[in-house]
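Here the structure is laid out as structure tokens; the discussion comes afterwards.
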Amino acid sequence: QAQLVESGGGLVQPGGSLRLSCTAAKSLSILNDMGWYRQAPGGQREMVARISKRGATKYADFVKGRVAMSRNNAEHSVYLRMNNLTAEDTAVYYCYLQRWRLGDIWGQGTQVTVSS
């Protein structure tokens, strides 16, 4: 019954790529800003990328040029393509849906581990 379900994480070698997916429950409206956030062990949750209802994107400086967020509203999904991954990208990645006064929604997270 999770409303946002992430997938696509896993173990990848440095320099490798992954594509994360987040699929929302069909009963949930996703026509709002969405985002990907990450939290490394011992660290704070930080924004990686955000995307507007119409597809405008914003990226954190530490990933800009290496990641691309997209959305497919018909598929009720958002994606995060990540290239040239480094060990510093190791974190749990969370999908986010902004809902203002309805209450923001977070997925359970998907683990990304970048290691040889």
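All heavy atoms count here, side chains included; hydrogens, waters and symmetry mates do not.
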Please tabulate, for the side chains in residues 11-20, all donor-acceptor contacts under 3.5 angstrom to protein atoms that are two or more places apart in sequence or on a different chain.
from, atom 1, to, atom 2, distance (Å)
Ser17, OG, Asn83, OD1, 2.9

- Item | Pairs flagged by disulfide bond (SG atoms under 2.5 Å apart) wherever residues 61-116 is involved - sequence neighbours left out |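 The answer is Cys22-Cys95.
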
Nearest-0.5 Å distance, [atom1] of residue [X] to [atom2] of residue [Y]:
| X | Y | atom1 | atom2 | value |
| --- | --- | --- | --- | --- |
| Met34 | Asn73 | CE | CG | 9.0 Å |
| Leu28 | Leu4 | CG | CG | 6.0 Å |
| Thr86 | Arg66 | OG1 | CZ | 5.5 Å |
| Gln98 | Lys53 | CD | NZ | 13.0 Å |

Test of understanding: clusters of I, L, V, M, F, W, Y form through side-chain heavy atoms closer than 4.5 Å, transitively. Do [X] and [Y] belong to the same one?
| X | Y | result |
| --- | --- | --- |
| Leu97 | Tyr37 | no |
| Met47 | Val92 | yes |
| Leu85 | Val48 | yes |
| Trp36 | Phe62 | yes |

- Pairs where residues 14-33 contributes a residue and the test ring-ring contact (aromatic ring centres under 6.0 Å, His included) is met, not counting sequence neighbours: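 Qualifying pairs: none.
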
- Item | For Tyr79, side-chain hydrogen bond (donor to acceptor under 3.5 Å, both in side chains) partners two or more places apart |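 Testing Tyr79 for side-chain hydrogen bond (donor to acceptor under 3.5 Å, both in side chains), a comparison that skips the adjacent residues, returns Glu75.
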
Would you give me the side-chain donor-acceptor pairs under 3.5 Å for residues 102-116, sequence neighbours excluded?
from, atom 1, to, atom 2, distance (Å)
Asp104, OD1, Arg99, N, 3.0
Asp104, OD2, Tyr96, OH, 3.2
Thr110, OG1, Gly9, N, 3.2
Gln111, NE2, Ala91, O, 3.4
Gln111, NE2, Thr113, OG1, 3.4

- Show the numbers, then the answer: is there a side chain to side chain contact (heavy atoms under 4.5 Å, CB included) between Tyr94 and Gln39? CA-CA 8 Å; Tyr94 297 92; Gln39 187 167 13; 4.2 Å; yes

- Which pairs pass side-chain hydrogen bond (donor to acceptor under 3.5 Å, both in side chains) with one or both residues in residues 20-32, sequence neighbours excluded?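 For residues 20-32, and leaving out neighbouring residues, the side-chain hydrogen bond (donor to acceptor under 3.5 Å, both in side chains) pairs sorted by first residue read Thr23-Ser77.
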
- Task: Decide yes or no for Asp89 and Arg38: does some side-chain heavy atom of the first lie under 4.5 Å from some side-chain heavy atom of the second?
- Result: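 They are in contact (side-chain heavy atoms under 4.5 Å apart), so the answer is yes.
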
- Query: Just by modelled atom types, is the Met69 backbone N or O under 3.5 Å from a matching donor or acceptor in the Tyr59 side chain?
  - Reply: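 Confirmed, Tyr59 side chain pairs with Met69 backbone.
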
- Message: Between Arg71 and Asp33 (side chain of the first, backbone of the second, donor and acceptor by atom type, cut-off under 3.5 Å), is there such a pair?
- Response: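 Pair absent, no side-chain N/O of Arg71 close to backbone of Asp33.
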
